[in-house]
Amino acid sequence: MRLLRLKPGHGEIVLAEGDVEIPEQERELIEAFRRELDAGMWAAVPTETSGGKREAELVKSFAEVPRDADRVIFFPRAAGGAPGTSL
Amino acid sequence: MWLALGTTALVLLVLVWELARPRLRGALARWREAAAERRLQAAQSGYDPGRERRAEQRARALLRSCVDEDAWEMYRDLGFLRVWGGLGDRGHGASYAYLIYPHKPIVAYLPQTGELLNEYCVAFPDHSRPYGSARLPDSDDVLAKWMALTADERHLIAEANMHLPGRQVDPERVRRDLLRLAGWERQRVGRADSLPAA
């Protein structure tokens with residue numbers, strides 16, 4: 001599993017990478033996951049329905065991430081924009 | 001006679017050059033100053049066009065890996081994504097849809113009539129401002145909107161500032177985009193029909 005973060009001026013960066021079945025690596029993934037949530041990020045897991053349609057799922061804890069997910073994408077939380085701001 | 005004319009032309013050229021030289025020098029100096037000023041501003045703001053281009057390329061690759069192939073082709077060809085509203089697709093009775101533009105409000109509309117419903121103004125500012133900007137690359141902004149909409153439409157819409165159509169996105173532009181989208185979809189259907197059955 002890879003934890004990615006969308007970043008201005010860069011695109012995505014890899015925050016952590018590991019196998020959730022290996023306890024030590026899972027612990028590192030959980031720590032990196034918590035750090036991003038504490039920093040106010042939203043976390044989404046790209047998924048695919050049984051019909052093959054691609055969607056995403058927002059998760060609020062590492063326990064909600066499907067064990068077979070290959071990546072979690074962090075991005076800044078949504079804020080209502082206003083005219084003339086950074087929209 | 002030709003010699004005299006040639007000499008006169010040469011003298012004239014030299015005179016014009018001598019008259020114009022101070023002005024040209026001044027213009028060149030001003031152009032150099034302006035270029036240095038631009039470079040200085042770019043260095044101070046951290047803006048680097050090459051880095052931004054590479055960031056956008058990465059963002060496009062990530063977006064492509066997350067959305068359906070059709071959706072990716074729509075974005076690649078038209079510059080926006082359509083997402084069906086109501087957590088369903090049109091076949092399951094979605095009565096409205098959204099257009100996602102990079103760094104512009106999400107526009108809700110009725111696919112049956114093309115009527116524009118609302119603009120949902122939403123941004124994903126990164127307050128850590130790496131490289132001096134809080135703005136995600138265009139395709140990352142589209143991806144963030146797409147993930148938030150498909151995962152939790154109600155939540156995203158609640159976070160957004162809602163306005164009537166035309167507040168920030170020109171309604172004429174959206175109508176033109178809807179026509180482009182209809183044409184794009186017709187073309188794809190036509191292409192699929194003309195393919196030999198497997």
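Owing to the predicted nature of the structure, the values given are computational and were not obtained by experimental measurement. Residue numbers start from 1 in every chain, and the chains themselves are labelled A, B, ... in the order their sequence lines are given, proteins ahead of strands.
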Can you get from B:Ile106 to B:Leu99 by hopping between Ile, Leu, Val, Met, Phe, Trp and Tyr side chains that sit under 4.5 Å apart?
no

Is there a path of hydrophobic side-chain contacts, each under 4.5 Å between heavy atoms of I, L, V, M, F, W or Y residues, that connects A:Phe33 with A:Ile22?
no

Crowding at CZ, A:Arg34 (>12 non-hydrogen neighbours, <6.0 Å):
no

Leading residue by heavy atom contact count with chain A [cutoff under 4.5 Å; candidates B:Ala160, B:Ala59, B:Ser65]:
B:Ser65

Given the options B:Asp140, B:Leu136, B:Asp141, A:Pro8 meets side-chain contact (heavy atoms from CB on, under 4.5 Å) only with B:Leu136

Correct closest heavy-atom pair for A:Ile73 and B:Cys66 would be CD1-SG, 3.8 Å

From CZ (B:Arg54) to NE2 (A:His10), nearest 0.5 Å:
9.0 Å

Of all the heavy-atom pairs spanning B:Glu159 and A:Arg77, show the shortest one and how long it is.
OE2-NH2, 3.7 Å

B:Tyr96 reachable from B:Leu178 in the ILVMFWY side-chain graph, under 4.5 Å edges
no

I'd like to verify something: which residue of A:Gly11, A:Gly9, A:Gly40 has the highest number of heavy-atom pairs under 4.5 Å with chain B?
A:Gly9

Could you tell me which portion of B:Ser139 (side chain, backbone, both or neither) has an atom closer than 4.5 angstrom to a non-hydrogen atom of chain A?
neither

Heavy-atom distance under 4.5 Å to chain A: side chain of B:Ala144, backbone, both or neither?
both

Before you tell me yes or no, could you show the steps for A:Glu12 and B:Leu143 under side-chain contact (heavy atoms from CB on, under 4.5 Å), namely the whole-Å CA-CA distance, both residues' side-chain angles and the distance that decides it to 0.1 Å?
CA-CA 11 Å; A:Glu12 89 275 13; B:Leu143 176 62; over 6 Å; no

Could you check whether the rings of A:Trp42 and B:His155 sit parallel, tilted or perpendicular, using 30° and 60° as the cut-offs?
tilted

Below 4.5 Å from any heavy atom of chain B, which atoms of A:Glu57 appear? Answer side chain, backbone, both or neither.
backbone

Side chain / backbone / both / neither for A:Pro76 at chain B, heavy atoms under 4.5 Å:
both

Of all of B:Pro130, B:Ala61, B:Ala148, which one pairs up most often with chain A through heavy atoms under 4.5 Å apart?
B:Pro130

Can you tell if the side chain of B:Asp68 reaches within under 4.5 Å of the side chain of A:Lys53, non-hydrogen atoms only?
yes

I'd like to know if A:Leu4 and A:Phe62 are part of one continuous hydrophobic network [Ile/Leu/Val/Met/Phe/Trp/Tyr, side-chain heavy atoms within less than 4.5 Å].
no

Under a 4.5 Å cutoff for heavy-atom pairs, which residue among A:Pro46, A:Ala78, A:Ala44 has the most contacts with chain B?
A:Ala78

Whether over 12 other heavy atoms sit under 6.0 Å from A:Arg67 CZ
yes

First locate atom CZ of B:Arg58, then atom CD1 of A:Ile13, and finally report the distance between them rounded to the nearest 0.5 Å.
10.0 Å

Would you say CD of B:Glu18 has more than 12 non-hydrogen atoms from neighbouring residues, nucleotides or ligands within 6.0 angstrom?
yes

More than 12 heavy atoms of other groups within 6.0 Å of B:Arg53 CZ
no

For B:Arg64 and A:Arg54, work out which heavy atoms get closest and say how close.
O-NH1, 3.5 Å

Less than 4.5 Å apart, side chain to side chain, heavy atoms only: is that true for B:Asp126 and A:Arg5?
yes

Do B:Val122 and B:Tyr101 belong to the same hydrophobic cluster, where Ile, Leu, Val, Met, Phe, Trp and Tyr are linked whenever their side-chain heavy atoms lie under 4.5 Å apart, directly or via other members?
no

